[in-house]
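In what follows, a single structure is set out as structure tokens and then discussed.
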Amino acid sequence: MKSLLDQEFTDGNIVIAKTEDLLNWARLSSLWQLGFGLACCAIEMMATSASHYDFDRFGVIPRPSPRQADIIIISGTVTLKMATRIKRLFEQMPEPKYIISMGSCSNCGGPYWQHGYHVLKGIDRVIPVDVYVPGCPPRPEALLEGLLKLQEKVRNESLVKKTL
Amino acid sequence: MKTREEIFNILKQEFPQDVLEFQNIPTEPIITVNPLAIHRVCLFLRETAGLEFDTLMCLSGVDDANGEKTNDPDGSVTIKGGTLSVYYHLHSMKLDHKVTLRVSTPREDPEAESVESIWKCADWHEREAYDMIGIIFLHHPDLRRILMPYDWDAGYPLRKDYKNPEFYQGMKVPY
Amino acid sequence: MALKTEEMVLNMGPQHPSTHGVLRLEVELDGELIINVKPHIGYLHRCFEKHCEAMTYPQVIPYTDRLDYLSSMYNNFGYVVTMERFLGIQVPERVEYIRVIMGELQRIASHLIALGTYGLDIGAYTPFLYCFRDRETILSLFEMTCGARLLYNYMWVGGLSHDLHPDFVPKCREFLKVFKPNITELNNLLSYNKIFVERTANIGILPAETAINYGITGPMLRGSGVKWDLRKNDPYSIYDRFDFEIPVGTGAQGTLGDCWDRYFVRVREMEESVKIVEQALDQLPEGDINAAIPKRIKPPVGSIYGRVENPKGELGYFIMSDGSTNPFRVKLRGPSFVNMTVFGELCKGHLIADVIAILGSVDIVLGEVDR
Amino acid sequence: MYNLLNNLIGNDYLAAVVAALLPLFVFILPYALMAVLAERKVSAFMQDRLGPNRLGGKYGLLQTVADILKLFQKEDIVASEADKKLFNIAPVLVFTGTYAAFAAIPFSGAYIGSDIDLGLFYIVAISSLVVAGILMGGWASNNKYSLIGAMRSAAQIVSYEIPTALVILAMVMVTGSLNLREISEMQTAYIWNWNIFGGAFSGIEKFLLIPFMLISFVIIYISTLAEVNRVPFDIPEAESELVSGFHTEYSGMKFAMFFLSEYANMFAVSAVVTSLFFGGYQSPFGYLGNTLGISWLVPLEQLFWFAAKGLFFVFVQMWLRWTLPRLRVDQLMTVCWKYLIPYAFVNLIIVGLITLL
């Protein structure tokens, strides 16, 4: 049977673990969002930043330039014409970066999955997604929940180990 | 204010060759015009006193799908022959009357005159009809694709026999 | 030897804070002066017309929601009004009144976003949030009625999906009471602000002649001083029963048809919509909202073009039927799409900052421009 | 201050280093952190929101700390087509320019970084470094938005320095000194000795000066707003037009430097305005320390009054930002060249005549 200290050491260095907690805390509490809207969901995203729901409470502020953003919220239908641009935007963001796929359209094509000849069926075909928020469009509460899920994910990240 | 039948009669008098027929469908009577004369007809409609159609409400390209249909083994349809049409909905704000014109062009060689120089808003409408249906508007200043990507080479999506490509720039298109 | 100079091409969008979605503008610049603006659209082309051909007539309604997602109710309204004319259905009185109430509330909500984001484009951040605050109340009214905040699928051919909630009428009156002073607040904060007026007056002047030739409709056309509103000029539903004004641009702060006029027409239209909703609430009759919903929708062979006055202008549906349960062809004439055509013309000779001001005053929604 | 430290440490160089770093760690960094948070809170309360409230207790006190820690961790992107040397120097230059200005600002009677006789002149000169930094950053980014932003910024700051300088000149005529500490000392005792109320003059001169002092204050406040790129003069970073102007391409810590120096700059100009017109670190109604006979309390009280006055003007800047729209670039120049400069000039002449009386 392992003692408490052993467990700590197998999980990683104490110093590293504490520093890690601090750094993760910093990252998760200041997720600046790329001010970028695509379609209907963008309106709900704006509503989330506005007075009633107030994204700013969680430290999320919109940044116009991808260079200063931490999360990109894919808010709406991704078309084939737009997909390459989104990929470029994603590449322009500095690491560490996160993606929330907001709404059915960017999750899987949504109502346009069958006959949408010009719709990309899911943004995850182009860039990796961290959190999927379902809904058409998701309510602001749902987006907030998505953000909290993302914060949970960031909290469990590690400097030394690759996270699952 | 004039009824559509009166407008047809005026047009028939002016252009006996080019104004082809009047279909009195109860929901929307339609005047069929020769596609290569549509510019002249429209100019007449705008400039003549008593008609004065100053706005083009809508311009829509339609695939009539009235040709010979063959079913392909993969479930899709190929259409040969028949026509593609363009519908013009005109309206006069001054006199408050409306008219619907139609031109039909052969599917294999879909060419119609552009009315862009008469009503500026036809510019984008015609580009859209070109983009979606594939109708070529002669004398249009800038006939490019408008909604689809400029390098889209899989055809005109609103044709009834359109087949979606498997990939576009490495992205899978079907679900 | 003279220095060689060349024009700079600035690419705005598809990701840009104030292109109102995914519009791309190719701006040719001489310093800050604009030589030419080329809009590129289609980044949100969601194949609406193809979907219509594959769906049955009632199934099209949810897709109309997603066109101009800021005025979903009105898109439904336009579609069902056109279909009812096609099928020759007379809908019950109560349905008509509820539709008008919803339509006008939606107009207020849509204009609130237009005005708020316009303030944002000019650089004033706070009015945007004030507008959102009021819009949130309207959305909760809609939510109370049909359960959705943004995309409603509320109006059906021949009827409605739900009747009004018993609390709706008092809540709606309460909102109108709160909202009226808020318009004044917006005027004080933004409309008559000296800097705002300086930024928008005499910018992007659209003469009435040009506007008509370009097929411009809605607040843009009215901003140029043309008294044209389909609710009065080509009445549909029961708009002929209400007493309201059509606000037009007057050139009060600059030239007739400038950005400020277009902006202010929207402010005044909100006041008129409040009036209409108040009258409709007073006259609201009782009745069965489902009485006229047809079992099966199969229009005769033929076509129809129906149009309504959407918050952004003339929303037209061209519907062709081949006698089956699916439309043969649906073409949507979106007001944003047509209003956008004149944009390049308006921008010539202005500065970069004015492009944003003009774009905001055109008030486009890319969902409808691209469909 | 330097002398005190010199005696304490006993080494010239070390004392200089400590004296230089002290304001940074004691005042500027905490101030900048709090100012960013305050801006978000102020904007939130003006807009019916709550603002950050999830971290550091009830008011989100640690929000900016988290922001800065996060910016430390961000990848530092330098675009392949950028001019790498200039790109890297620019934020440092901007930060240095801003920070160096604090050297000549008297925080209290006992603490001034460098008590030089040309204090005001030095501040005007050193804050021009910021323009060079912005121009460098905008050019080196090889981004069209950055370039336009930088050009606008350069034009704007250079233009608005003229009315600022003219007003400062008028103040120098009134006070007869370029040393900010001396100017503050002249406004000692009570509120009516502040320069905005005619300064230490007496009799008719004082009453003649009051309207012109008010005009001077308005002019210098407007011009300093423009010099620190705040609304309504924020066109170099006009978010809705130029994405984020000259710092569009900056990420991570370099962006943080621009970000912090913007807030530091806000305080620097507010401090100058305070020192010139509102008595600097002087209390408006005497000191508690003098009354109680505790001599070390007086400098602390002075620090408090200085910070309070400076922060009030910073608050006004935020207030304006969340209320007003933005001017266009040509209107901005019109305001400067057609209104502010002529008024400032006439003001200068009249103030000069009055002081000759």
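- When heavy atoms are compared at a cutoff of 4.5 Å, D/Leu50 approaches chain A by way of both its backbone and its side chain.
- Ring geometry for A/Trp32 against D/Phe255 counts as perpendicular: the plane angle is over 60°, on a 0 to 90° scale with 30° as the lower cut.
- Ion pairing between a basic and an acidic side chain is recognised when a charged N comes within 4.0 Å of a carboxylate O; A/Asp70 and A/Arg27 show no such pairing.
- If you measure heavy-atom distances from D/Glu249 to chain A, the contacts under 4.5 Å come from both the backbone and the side chain.
- Between chain D and the residues A/Pro94, A/Ala50, A/Ser65, the most heavy-atom pairs under 4.5 angstrom are made by A/Pro94.
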message: Set out, in order, the CA-CA distance, both residues' side-chain angles and the distance that settles side chain to side chain donor-acceptor pair (under 3.5 Å) for D/Ser128 and D/Glu161, then state yes or no.
response: CA-CA 9 Å; D/Ser128 303; D/Glu161 255 168 23; 3.1 Å; yes

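- In this structure, the portion of D/Leu71 lying under 4.5 Å from any heavy atom of chain A is its side chain and not its backbone.
- The candidate with the highest count of non-hydrogen atom pairs below 4.5 Å against chain A, out of D/Asp48, D/Asp67, D/Ile68, D/Thr64, is D/Asp67.
- Put simply, the residue from A/Leu143, A/Leu147, A/Ile43, A/Ile73 that forms a side chain to side chain contact (heavy atoms under 4.5 Å, CB included) with A/Thr48 is A/Leu143.
- We find the CD1-CZ distance between D/Ile77 and A/Arg67 to be 4.5 Å, quoted to the nearest 0.5 Å.
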